[in-house]
Amino acid sequence: MPELPEVETIKLGLTKLITGKKILKIDVLNLKSFPNNKADVDNFILGKEIINIRRRAKLLMIDLSSNYSLLIHLKMTGQLVYVSDDTRFGAGHPNDSLINDLPDRSTRVIFELSRAKLFFNDQRKFGWIKVIPTELLSDQEYFSKHGPEPLADISPAVFKSNLKKHPRSNIKASLLDQSVIAGIGNIYADESLFLSKIHPKTLVKDLSNQKINSLINSIRQVLELSISKGGSTDRNYVNAEGKKGSYLEFANVFRRENQSCPVCHSTIIKIRVAGRGTHLCPNCQKATMVE
DNA sequence: CACTTGACCTGTCCGC
DNA sequence: TGCGGACAGGTCAAGT
């Protein structure tokens, strides 16, 4: 599930909610979700203060006062939901919601903070939380295989040269390749390609410089809009307060097969590209590019 | 080598 | 209603 805008939204929420708090206790309900040894947890996590929360690509980092960090990947269905003792309501309360029902059957790890809990929920169990020394989580170390951040100033030149390393790959697969550009997943790949009028199966070598420049702008536009809407909720995603994101109301093609294209009113189709469900307007995004 | 497919899991939806 | 199969936002290893 979570792509860059969703992870960024969670980061912003957690920063506000848990910075300065101490981790008092950890309940691991599914070992695969928290594959760490007891000594590391006892020595570097328990009793330590949360001093900073960061995001790189789709990964989240919670830095602690011990100079260790929790590195988190939410994969498809991961959630990090904060519930303060003060925000729980009685059954039937008008603000009664998801947060009242936690833990539930998808809860994998529970972090106990002072007067609050942080729930790591993950229906499909693909996600994980690892204990890592903070100094290893620099771009040089841990993220050497990741491409540039789309919203950082340096991205266009690096993005272009990374793209050209896989000239015979189709552009959709390249956008999903985290070593080319970081943080894009299926939703934002489809939406960016639509805005730039590029067919997802177009080979990278067949893209003009002009199209690549346009694509960079589209990626930024789409990601910024989504962050401003709190991300996309297709099924599972919620932010740190258990609330859904509304970006999909503004999406042009994603999950809109059989609806009409907002630009030309042709019928939007869904095909399979790079093994993934892919949405496009067959009229705006021609299979054969004519520059 | 470069690129594509299957596996990891659970849940839901659709067609018979 | 029941049941099998396809599919779901990510990422690797294995396969072609």
Side-chain angles (χ1 to χ4, degrees), chain A residues 1-10 29-35 55-60 71-80 98 103-109 120-130 142-147 162-194 200-206 219 222-223 226-227 229-239 244-258 269-279:
Chain A
M1 80 157 188
E3 307 180 32
L4 187 153
E6 291 74 33
V7 181
E8 180 68 16
T9 301
I10 292 170
L29 306 174
N30 181 59
L31 212 56
K32 189 170 166 287
S33 304
F34 194 81
R55 179 193 61 76
R56 170 78 168 99
K58 298 172 191 172
L59 287 140
L60 202 62
L71 178 68
I72 305 170
H73 202 310
L74 299 169
K75 291 290 179 82
M76 303 276 262
T77 55
Q79 305 174 332
L80 283 171
L98 164 86
D104 64 18
R105 65 187 156 166
S106 77
T107 301
R108 308 304 177 197
V109 184
F120 176 48
N121 305 322
D122 185 18
Q123 178 189 103
R124 288 170 76 176
K125 299 182 181 173
F126 291 165
W128 43 256
I129 300 178
K130 293 176 185 171
Y142 196 87
F143 296 100
S144 61
K145 288 177 208 147
H146 279 77
N162 287 347
L163 266 185
K164 287 171 184 170
K165 290 175 190 169
H166 310 281
R168 300 201 54 81
S169 172
N170 63 61
I171 185 61
K172 166 113 185 207
S174 289
L175 289 181
L176 296 176
D177 181 344
Q178 299 299 296
S179 74
V180 172
I181 187 167
I184 298 178
N186 210 33
I187 297 174
Y188 304 108
D190 284 4
E191 290 299 316
S192 302
L193 290 169
F194 171 80
K201 283 186 173 172
T202 309
L203 300 187
V204 167
K205 69 180 180 58
D206 294 333
I219 288 167
V222 162
L223 295 178
S226 183
I227 291 171
K229 300 298 175 189
S232 298
T233 295
D234 188 41
R235 291 151 193 246
N236 294 276
Y237 169 75
V238 292
N239 69 14
K244 298 179 176 186
S246 66
Y247 170 79
L248 286 184
E249 294 170 27
F250 303 87
N252 290 296
V253 290
F254 188 81
R255 285 279 162 117
R256 293 193 183 278
E257 60 269 33
N258 300 324
I269 60 171
K270 182 177 181 183
I271 62 175
R272 226 162 166 79
V273 182
R276 314 293 302 275
T278 298
H279 312 75

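Lettering follows sequence order; numbering is per chain, from 1.
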Side chain of K32(A), backbone of K125(A): donor and acceptor closer than 3.5 Å?
yes
Atom-pair distance (CD on E257(A); C1' on dC14(B)), nearest Å:
14 Å
I want to verify a distance call: between dT11(C), dC9(B), dG9(C), whose nearest atom is closest to the N186(A) side chain?
dG9(C)
Taking the same atom, P, in dG9(C) and in dC3(B), what whole-Å distance lies between them?
23 Å
At under 4.0 Å, does any side-chain N or O of Q178(A) touch on OP1 or OP2 of dT11(C)?
yes
Quick one: is R272(A) getting a side-chain N or O under 4.0 Å of the dA8(C) phosphate, OP1 or OP2?
yes
Of the candidates dC9(B), dG11(B), dG9(C), the side chain of K32(A) sits closest to dC9(B)
I'd like to know if the side chain of E191(A) and the backbone of N186(A) have a donor-acceptor N/O pair within less than 3.5 Å.
no
Ring-on-base stacking dC9(B) with F126(A) (under 5.5 Å, under 30°)
no
Could you check how far CG of N162(A) sits from P of dC3(B), rounded to whole Å?
13 Å
Q123(A) has an atom CD; how far is it from atom P of dG11(B), in whole Å?
6 Å
S226(A) side chain to V222(A) backbone, donor-acceptor under 3.5 Å
no
Of the nucleotides dC7(C), dG9(C), dT11(C), which one has an atom closest to the side chain of K270(A)?
dC7(C)
May I ask you to verify if any side-chain N or O of H73(A) is less than 4.0 angstrom from the OP1 or OP2 atom of dG10(C)?
no
Report the residue (R105(A) or P167(A)) whose heavy-atom-nearest nucleotide on DNA chain B is the more 5′ of the two.
P167(A)
Taking CG from L74(A) and C1' from dC9(B), how many angstroms apart are they, rounded to a whole number?
16 Å
Is R55(A) reaching over with its side chain to a backbone N or O of A57(A), donor-acceptor style, under 3.5 angstrom?
yes
Test your reading of the model: is there a side-chain donor-acceptor pair from N162(A) to the backbone of V180(A), 3.5 Å cut-off?
yes
Hunt down any stem DNA chain C takes part in, defined as 3 or more consecutive Watson-Crick or G-U pairs whose two distances are each under 3.5 Å.
B:2-8 with C:10-16, B:10-16 with C:2-8
What's the shortest heavy-atom distance between G147(A) and A182(A), and which atoms?
O-CB, 3.5 Å
Using side-chain contact (heavy atoms from CB on, under 4.5 Å) as the criterion, point out the one residue from N30(A), L74(A), T107(A) that pairs with F120(A).
L74(A)
What contact category does G185(A) fall into here, base, sugar-phosphate, or nothing, at under 4.0 angstrom with non-hydrogen atoms?
sugar-phosphate
Pairwise P distance for dT11(C) and dG11(B), with rounding to whole Å:
22 Å
Measure from NZ on K145(A) to P on dC12(C) and round the result to the nearest Å.
8 Å
K165(A) atom NZ is separated from dC3(B) atom C1', nearest whole Å, by 16 Å
Any sub-3.5 Å donor-acceptor pair from S179(A)'s side-chain atoms to D177(A)'s backbone N or O?
no
To the nearest Å, how far apart are D122(A) CG and dA8(C) C1'?
13 Å
dG9(C) OP1/OP2 closer than 4.0 Å to side-chain N/O of R276(A):
yes
Atom CG of D122(A) and atom OG1 of T77(A): how far apart are they, to the nearest 0.5 Å?
4.0 Å
Mind checking if G127(A) touches a base, just sugar-phosphate, or nothing, with heavy atoms under 4.0 Å?
nothing
Does K75(A) place a side-chain N or O at less than 4.0 Å from the phosphate oxygens OP1/OP2 of dA8(C)?
no
Do any side-chain nitrogens or oxygens of K172(A) fall under 4.0 Å of OP1 or OP2 in dT4(B)?
no
In whole angstrom, give me the gap between the P atoms of dC3(C) and dC9(B).
25 Å
Figure out the CG/P separation between N236(A) and dA8(C), and round it to whole Å.
14 Å
Using a 4.0 Å heavy-atom cut-off, does S232(A) contact any base of the nucleic acid, only the sugar-phosphate backbone, or nothing at all?
base
